[in-house]
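These numbers come from a predicted model, not from an experiment. We name chains A, B, ... by the order of the sequence lines, and we start the count at 1 in each one.
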Amino acid sequence: MADFKTSPGTRDILSPDSARWRAFQGVFESTVEAAGYDYIIPPMFEDLDVFLRLGEATDVVTKEMYDFHDKGGRHIALRPEQTASVCRAFVEHRPTTPWKVWYSGPNFRYEKPQQGRYRQFDQVGIEALGVDDAFLDAEVIALAAKFYSALGLRKIELSINSLGDSGDRDKYAKKLSEYFAKHESKLTAESKATLLRNPLRVLDSKREPDQEIIIGAPAIRETISNESREHFEAVLSALDALKISYKINDRLVRGLDYYRRTTFEFVSTALEAAHTAIGGGGRYDGLVEALGGPPTAGIGFALGLDRTLLACDAESVFAAPLKEVDVFVVDTVDGTHAHELCHQIRTHGFSADRAYDLRSIKAQMKAADRSGARIALIIGSNEVENESVMLRPMGSGEQYVVPRQDILNEIAKYTIKTNI
RNA sequence: GUGGGCGUAGCUCAGUUGGUUAGAGCGCCAGGUUGUGGUCCUGGAGGCCGGGGGUUCGAGACCCCUCGUCCACCCCA
């Protein structure tokens, strides 16, 4: 038994899962780059204060932050998400708007790990700053939907809501507070506690006794301003124009305090655990200002790699790509031929692998099979003597002799493309 | 953070009411096929039964603690 294990909530992603991750990120990249989003790589840690803007009352900030003092005395936190970092970057660099960026990478939250919930977890996402246009809201949502569909996911549901502007939100929180206070005796103890911290979040309770009260709660729609209402309706009709189906959910409030107006969430109906929410986002029009920048509109979404991959598993789509290599060199003489031939093949833009330690031809062929090689090149004493190579297309059951100097041209017949 | 289930070979799991040298399948290695993989057959390697303490003549099985994992709550991706 090994002495060291990964820390709770973290793990190694090995092949073939690692290849699947990379493919996942690749699909995301091409989806959003096709819509004009540029890649941004924010730091993994920064000043704690940046993340406090996520909401003083949220668990993400109060309980789950990985924070520490560095040797220079700075109060640092590992990023729990990337939206705040992107907004900080916007304030710091003042790019021209619209500023549309995408990211991919790990975030950190100190939570009790479960399946689909890790302390180091990867998200991909996009953020678009400086535009108030409802078409942008619809574009962002449409890109997420397009991405899911590109992965092959079908059992995805989109919930959408509007939280109104910041004034609306405060008004609504107060109204909800009063409503729940009236029915406090019927609420669960957990919800009573939540009520004090953040009344909106009581709507998210899944506890049975709370449901009756929640159903009767006032909807935010009754509170929001005309401007917010018009914006929301424009977003909905822009989604209709793209034939993107959605469900308006009055109770959708989401966990981070910075959300304003449009909010949305994607749920996989193929998943059964509690972690069916595989992605979400919304507008955060006040966030840039809160970080010291000019009043700037913003919208984006993030989705979790693990959970989305779990949903892919549940729907049996987006399998890990097969391992493959152009050529596998089998050398039963002394290994020097495999050594030099592999180098030559690689230099000419093909991929090549080989076996080591001069194992039996049978063992080397087995390794060739496992490597996913298109062809095996076999070099034994006969081939060395004739300055030739035995070429065996894997899967064909046939093989033929190729003069050593013709080998690169022959390999080219079997490879679809050359990688550098 | 609270409550519950589960930790046995690299992986998935069996292991009767505690009883000698702890098993299977897959994977890995070797041989059958002295120059040939993907099928088949045979053999082999690999375990302080998560860790610590206790009960007992005797513990993988029972008790306590601890760590890990999974589930629910919480929260969220």
Below 3.5 Å, does any donor atom in the side chain of [X] face an acceptor in the base of [N], or the other way round?
X: A:R109; N: B:C75; result: no
X: A:Q82; N: B:A77; result: no
X: A:E383; N: B:G35; result: yes

Below 4.5 Å, heavy atoms only, C-beta onward: do [X] and [Y] meet side chain to side chain?
X: A:Q82; Y: A:M44; answer: no
X: A:I156; Y: A:I278; answer: yes
X: A:F264; Y: A:N161; answer: no

Inset, instruction - Between A:G380 and A:T6, just flag the one whose closest nucleotide in RNA chain B comes earlier from the 5' side. - result: A:G380
Legend entry - Closest-nucleotide 5' rank along RNA chain B - winner of A:I379 and A:G395: A:I379
Send over the distance from [X] [atom1] to [N] [atom2], rounded to a whole Å.
X: A:L310; N: B:C70; atom1: CG; atom2: C1'; answer: 13 Å
X: A:E324; N: B:G38; atom1: CD; atom2: C1'; answer: 17 Å
X: A:I126; N: B:A77; atom1: CD1; atom2: C1'; answer: 16 Å
X: A:K112; N: B:C76; atom1: NZ; atom2: C1'; answer: 16 Å
X: A:D369; N: B:G38; atom1: CG; atom2: P; answer: 7 Å
X: A:R11; N: B:G68; atom1: CZ; atom2: C1'; answer: 15 Å
X: A:E81; N: B:A77; atom1: CD; atom2: C1'; answer: 11 Å
X: A:R119; N: B:C70; atom1: CZ; atom2: P; answer: 11 Å

What contact category does [X] fall into here, base, sugar-phosphate, or nothing, at under 4.0 angstrom with non-hydrogen atoms?
X: A:L303; result: nothing
X: A:K362; result: base
X: A:D122; result: nothing
X: A:G397; result: base
X: A:R359; result: sugar-phosphate
X: A:G116; result: base
X: A:A363; result: sugar-phosphate

Contact under 4.0 Å: [X] side-chain N or O vs [N] OP1/OP2:
X: A:Q115; N: B:C71; value: yes
X: A:R117; N: B:C71; value: no
X: A:R370; N: B:C29; value: yes
X: A:Q114; N: B:A72; value: yes

Inset, instruction - Using salt bridge (Lys or Arg N to Asp or Glu O under 4.0 Å) as the criterion, point out the one residue from A:D133, A:D137, A:D165 that pairs with A:R283. - result: A:D137
Complementary nucleotide for [N] - Watson-Crick or wobble, under 3.5 Å:
N: B:A24; answer: B:U12
N: B:C62; answer: B:G54
N: B:G7; answer: B:C67
N: B:U39; answer: none
N: B:G1; answer: B:C73

Given the [atom1] atoms of [N] and [M], what is the spacing between them in whole Å?
N: B:C49; M: B:C62; atom1: P; result: 16 Å
N: B:U8; M: B:G47; atom1: C1'; result: 8 Å
N: B:C70; M: B:U12; atom1: P; result: 12 Å
N: B:A9; M: B:G60; atom1: C1'; result: 14 Å
N: B:C63; M: B:U69; atom1: P; result: 23 Å
N: B:C28; M: B:C11; atom1: P; result: 15 Å
N: B:G44; M: B:G50; atom1: C1'; result: 28 Å
N: B:G4; M: B:G10; atom1: C1'; result: 30 Å

Legend entry - Salt-bridge present (A:R374, A:D326; N to O < 4.0 Å): yes
Legend entry - Sidechain N-carboxylate O distance under 4.0 Å for A:R117, A:E111: yes
Of the nucleotides [options], which one has an atom closest to the side chain of [X]?
X: A:S381; options: B:G37, B:G35, B:G3; result: B:G35
X: A:P8; options: B:G35, B:U69, B:C76; result: B:U69
X: A:K366; options: B:G38, B:G35, B:A77; result: B:G38

Legend entry - A:E265 side chain to A:A277 backbone, donor-acceptor under 3.5 Å: no
Legend entry - Side-chain donor or acceptor of A:S396 paired with backbone N/O of A:R392 under 3.5 Å: no
